[in-house]
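Report on the following structure.
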Amino acid sequence: MITSKLPNVGTTIFTTMSQLATETGALNLSQGFPDFDGPQGLRDAVVRHINAGHNQYAPMIGLPALRQQVAAKVLRQYGASVNADTEVTITPGATEAIFCAVQAVVRAGDEVIVFDPCYDSYEPSVELAGGRCVHVQLDAKDFSIDWQKLTDALGPRTRMIILNSPHNPSGALISAADLDQLAKLIEGRDIYLISDEVYEHLVYDGGRHASVLANEALYSKAFVVSSFGKTYHVTGWKTGYVIAPPALSAELRKVHQYVNFCGVTPLQWALADYMAASPEHVEQLPGFYQAKRDLFCDLLAPSRFSFTRVAGTYFQLVDYSQIRPDLNDVDMALWMTREHGVATIPVSVFYQTPIPEQRLVRLCFAKREETLREAAKKLCVI
Ligand code: PMP
Ligand code: GLN
């Protein structure tokens, strides 16, 4: 019998709930992906590049044209001047970028601080590197960082901290002041950061995403990760990038070249073309998704769910304690899917130690207006 290297890992909640949605015919607001397509011009560009013969391996670190577009974008967005050759690496998805960054830094016995509720890929990546996650709970009400808890969690073995803002599943944002505070806290220590910023362009109500790229002290020790999947509505393309200072990028690339070698070539060409031709796409995204958030929340207002509109991401948490306080959130998610035709994600699965009294499920609003209307109709009669 093989002894598992990941004894605590099963099938992810995203796969489980999407499968259940398919089996039961429920509307799938569980796994985070749009039910509409990416821009026509972007899709046309892929076909064009496939037919132009761009079908062989891309450079290991990514196509120069795409790395240059990424560098230009982060200069525009965050005033961050990064070198497209030595600091930008294109990866097959943000998940691979995170995995490679962890493997590049974490050694046996190292500790990595993660904030709960925490995205599911971080801990297995750390465990495969021989490290151990130290879970620090975010504030239960607003999902902000509890600085005392973070300070208490730091120790001589701490090698890395993984940040995620805008935050999945809560939609909460880390502020520029938070980043300054973190920089002070780890100053002079041999601690690296992964900043998972895959929802960087999904920030609402006039707010600004505080990128680690704009914080010089933190960036000097950071891998900043993003995903074209979220930004261009093409999660199935599994294409992302990581920006890190040259020495860190060099170490990350040593891993990346043996995990995957390179990202998918025609997708990289298409993204490079599209980013050059349509820089306004990212400027329009907050308005585009804010309209969906507001429509969905307005439609849910008469329901028995309670919620505060999210500040970022395309997920809305809703509290169901007025409806079925007797059910834990996993049972609630199953019940909603099977009996009420709406698949959701329970929040407790993002915690090492779930909060027993918490009654929250996550709904993805990256959906067409008719899907949101149909879902809200079902949710309002629960
Ligand atoms: N981090 C977070 C917080 C996510 O929600 C996701 C995506 N679903 C990822 C990373 C992974 O992104 P990708 O699909 O590009 O691997
Ligand atoms: N990040 C997506 C979510 O939170 C899921 C991606 C996946 O299925 N691995 O729903």
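Just follow the structure's listing: the first ligand is 1, and inside any ligand the first atom is 1.
Listed by chain and number, the hydrophobic cluster partners of L173 are V203, where partners are ILVMFWY side chains within reach of under 4.5 Å, directly or through others.
Checked against a 6.0 Å centroid threshold, the rings of H167 and F350 do not count as neighbours.
Both tests pass for K367 against the ring of F33: distance under 6.0 Å to the centre and angle within 45° of the axis.
Within the 4.0 Å heavy-atom criterion, both parts of T95, backbone and side chain, lie near ligand 1. Counting heavy atoms under 4.0 Å from ligand 1, residue F228 does not touch it at all.
Protein heavy atom at the shortest distance from atom 7 (C) of ligand 1 is K230 NZ, 2.5 Å. Among all protein heavy atoms, the one lying closest to atom 1 (N) of ligand 1 is D196 OD2, 2.6 Å.
If you run side-chain hydrogen bond (donor to acceptor under 3.5 Å, both in side chains) between S226 and each of K73, E200, E197, only E200 comes through.
When only interatomic distances are considered, the shortest N/O to N/O separation between E96 and ligand 1 does not fall below 3.5 Å. Where the criterion is an N or O separation shorter than 3.5 Å, residue side chain and backbone included, T235 fails it with respect to ligand 1. Polar contact check, A94 against ligand 1: a nitrogen or oxygen pair lies under 3.5 Å apart.
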Between ligand 2 and the protein, which N/O pairs fall short of 3.5 Å?
residue	atom	partner	partner atom	Å
ligand 2	1 (N)	Y119	OH	3.1
ligand 2	4 (O)	N168	ND2	2.8
ligand 2	4 (O)	R362	NH1	2.9
ligand 2	4 (O)	R362	NH2	3.4
ligand 2	8 (O)	Q31	NE2	2.7
ligand 2	10 (O)	G32	N	2.6
ligand 2	10 (O)	R362	NH2	2.7

